[in-house]
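Only this structure's heavy atoms are used, side chains among them; waters, hydrogens and symmetry mates stay out. Residue numbers begin at 1 in each chain, while the letters A, B, ... track the order of the sequences.
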There are 2 protein chains.
Amino acid sequence: MHPATPFKAATLHDVARQAGVSPITASRALSNPKLVSENTILKVQAAAQAVGYIPNLLAGGLKSKRSLMVAGLVPTISVAQFLPTVQALTETLADAGYQLILGQTGYDHAREEALINTMISRRADGIVFTGLVHSATARERLRRVGIPVVETWDLSERPIDMLVGFSHLKVGSAIAGYFLGKGWQRVGIATGDDHRGALRREGFLATIGKDVPTAVVPAPSSLALGRRALADLLRQDPKLQAVYCSSDQLAQGVLAEAQARGIRVPQELAVCGFGNADFAAHMQPSLTTVHVDGAAIGRLAAQLVIDRCNDTPIQNPVVDVGFSIIERRSTSLSQA
Amino acid sequence: MHPATPFKAATLHDVARQAGVSPITASRALSNPKLVSENTILKVQAAAQAVGYIPNLLAGGLKSKRSLMVAGLVPTISVAQFLPTVQALTETLADAGYQLILGQTGYDHAREEALINTMISRRADGIVFTGLVHSATARERLRRVGIPVVETWDLSERPIDMLVGFSHLKVGSAIAGYFLGKGWQRVGIATGDDHRGALRREGFLATIGKDVPTAVVPAPSSLALGRRALADLLRQDPKLQAVYCSSDQLAQGVLAEAQARGIRVPQELAVCGFGNADFAAHMQPSLTTVHVDGAAIGRLAAQLVIDRCNDTPIQNPVVDVGFSIIERRSTSLSQA
DNA sequence: CTGTTAGCGCTTTCAA
DNA sequence: TTGAAAGCGCTAACAG
């Protein structure tokens, strides 16, 4: 009953006949008008309208070897962190006539590899990953196929192809520098057990210059885990002055636990998060955190893929979008 | 340089030759093994492996008239409300071999119509909307094309095709009933200016049995707008006992404004939100709200499309997933 | 169980 | 500026 197109769709043939031209002329009139006379264009457009023509991109793509689709592979769409990236990606692509195919890897290598194959099967014109591709098999296959690839939200010495991200090492380092500038020496870390969190921790420790109390929690991080993390850290050092958290969710929990214990923030304990979530500015006290322009990452990634598809020379296949520390009340009384 | 597939991909032909069978047999061995002898299957699989075969779904779809793609049209992906739906949709589809093409309508009719055309052009096997399709032109076109359509997150007397949602009228009515049950007569509404919010307000008023102070705020609703909304409502009735907010974000703002004015919640003012956002359970006080199973909506919608594509008889093309009021501290001292 | 034939709807290439 | 021929890579329909 519904294989997909139960109605007999009008084809370019029908349009051509209606317009009294050859199919190829009709094709050109609709998708490459420069090659056709004004008069013909009008005739064909009228004919297309008359027969209710809707082009079949599958057929076009088969011949032209361009699907006008780009794959976007995220761990899960519900990671709020990546939403502005996905949104900007989708928008920028749509403006250029491309659509995004969404794939959720679920942090699973096997699933990721399967999805990559699927996207190649669909002849996606490019693949954008939120994160790096870690599986060696997948990296190798992507390189061999030669499909445009953009990795994002991280830096790498050897990206598969193109990359838009920032240095998590530097983030950790910057936060440590910020803490040191405030004169806090007794500091701790509450971090998720993921790759990027580990990098930030590494940068943090390098700048602090010593090991510090650390609570590692499993992904996905949450308020509840943040509470437990602070309890853990206070056990390691009851006189902690400042905590860096690898996500704003975790920081939210740390703040809640501090409140429950009657520890004043920031007077007795300073807290810094990561991600600049919606709620960060509105917490009590408002949360100091690290902001990353996720929308810019999406826009830039989309543009890189589009440029590649158009053979536009690409100036910089690796873009560092940087980050910024947003100081709020949770680390500074002088902030609103 | 990179039209899409710069490398010369192996085709089914190459696999067939390598295996010493005809192309169609190779095709069947890989995608419909029941029709082929065990021995042949093994030969073909080995051949596919050997030549590094990656099927071309574009070509298959052209012939078989099934693209194995389903369009998901959302206003914006960053509406947190719809995330569980999109996630479940993507997952359920992927498990059945379908991929989701994401489209963002941006609450714009023209854009929505353009996207629908695009998805038809791509021969999507189905379209899932978060919300109803309001443009008459679009509804008409979708009906004529006969493509499986699922509208969600709402009910309708005349869905285009299939529907998974719940009654916003009943939500409003249920909240009003809950307020009345608590003995609160001086109640108010803070609501967004959207269609569904208006329906809930209508249900609320019908059950309360009289008009009540209302503050309407423009979308997207936010904490800041919630603060202003409460100020507005208190101007209309300084002795307000309870407020229903059309989103948890709004409720967050109402709570913040109450706190700023020294109004105790729930003792002096009760507050109810909508959506059961992540943060609702963790606010101070925790927020009473309305929960909707967005993931179930996504799963069911995906299943409906899949069933349609497989000509599986559909028992119930309209599913009401209901909702539930989650009582927390913002309306009840006896809650944790 | 396997093969032949034909063609999905479009666009590339070449020629007029 | 327009057209004819050919075929992208795959699978439905039928025959063997």
Side-chain angles (χ1 to χ4, degrees), chain A residues 3-44 47-48 51-68 97 120-125, chain B residues 3-44 47-48 51-69 97 120-125 311:
Chain A
T5 0
F7 77 123
K8 181 61 193 147
T11 72
L12 203 48
H13 245 88
D14 304 323
V15 176
R17 191 174 22 205
Q18 173 87 12
V21 298
S22 75
I24 181 58
T25 301
S27 166
R28 286 197 274 248
L30 295 174
S31 45
N32 213 343
K34 290 172 207 165
L35 302 177
V36 177
S37 78
E38 181 106 12
N39 188 10
T40 310
I41 293 176
L42 292 174
K43 271 195 307 188
V44 172
V51 300
Y53 174 62
I54 301 181
N56 183 332
L57 254 48
L58 254 46
L62 181 56
K63 184 71 198 179
S64 66
K65 304 214 169 290
R66 303 163 140 275
S67 63
L68 296 179
I120 296 175
S121 269
R122 295 195 178 282
R123 296 299 186 262
D125 290 338
Chain B
T5 2
F7 76 123
K8 181 61 193 146
T11 72
L12 202 47
H13 245 89
D14 303 324
V15 176
R17 191 174 23 200
Q18 173 88 11
V21 298
S22 75
I24 183 61
T25 302
S27 167
R28 287 197 274 248
L30 294 174
S31 44
N32 214 343
K34 289 172 209 165
L35 303 177
V36 177
S37 79
E38 181 105 14
N39 187 12
T40 308
I41 293 176
L42 292 173
K43 270 194 309 189
V44 172
V51 301
Y53 175 63
I54 301 180
N56 183 332
L57 254 49
L58 254 46
L62 182 58
K63 183 72 199 179
S64 67
K65 306 219 169 284
R66 304 162 139 275
S67 63
L68 295 178
M69 298 190 301
I120 296 175
S121 268
R122 295 196 178 284
R123 295 301 184 261
D125 290 338
D311 286 332

Taken to the nearest whole Å, CG/B:Asn32 to P/C:dC1 is 12 Å

Considering only nitrogen or oxygen atoms on both sides, find all protein atoms under 3.5 Å from nucleotides 12-16 of chain D and state each distance.
none

When rounded to whole Å, the CZ to C1' distance for the pair A:Arg123 and D:dG9 reads 9 Å

Residues in residues 11-20 of chain B with a heavy atom under 4.0 Å of DNA chain D, by number, are B:Thr11, B:Leu12

Residues 11-24 of chain B vs salt bridge (Lys or Arg N to Asp or Glu O under 4.0 Å), sequence neighbours excluded, gives B:Asp14-B:Arg17

Using a cut-off of strictly less than 4.0 Å, decide whether B:Thr25 has a side-chain nitrogen or oxygen near OP1 or OP2 of C:dT2.
no

For B:Arg122, the side chain to side chain contact (heavy atoms under 4.5 Å, CB included) test, sequence neighbours excluded, returns A:Leu57, A:Leu68, A:Met69, A:Gln99, B:Met69, B:Ile101, B:Thr118

By side chain to side chain donor-acceptor pair (under 3.5 Å), B:Thr11 pairs with (sequence neighbours left out) none

- Message: Can you see if the side chain of B:Ser27 gets near the phosphate of D:dC10 - specifically, an N or O under 4.0 Å from OP1 or OP2?
- Response: no

Contacts of B:Ser37 meeting side chain to side chain donor-acceptor pair (under 3.5 Å) (sequence neighbours excluded), chain-then-number -> B:Thr40

Atom CG of A:Leu30 and atom P of C:dC10 are separated, to the nearest Å, by 10 Å

Taken to the nearest whole Å, CG/B:Leu57 to C1'/D:dC8 is 15 Å

Contact check, residues 34-42 of chain A vs DNA chain C, heavy-atom distance under 4.0 Å, returns none

List the atom pairs, donor and acceptor, that lie under 3.5 Å between side-chain atoms in residues 18-35 of chain A and the rest of the protein, sequence neighbours left out.
from, atom 1, to, atom 2, distance (Å)
A:Ser22, OG, A:Thr25, N, 3.4
A:Ser22, OG, A:Thr25, OG1, 3.1
A:Ser31, OG, A:Ser27, O, 2.8

To the nearest angstrom, the CD1-C1' distance between B:Ile120 and C:dG9 comes to 17 Å

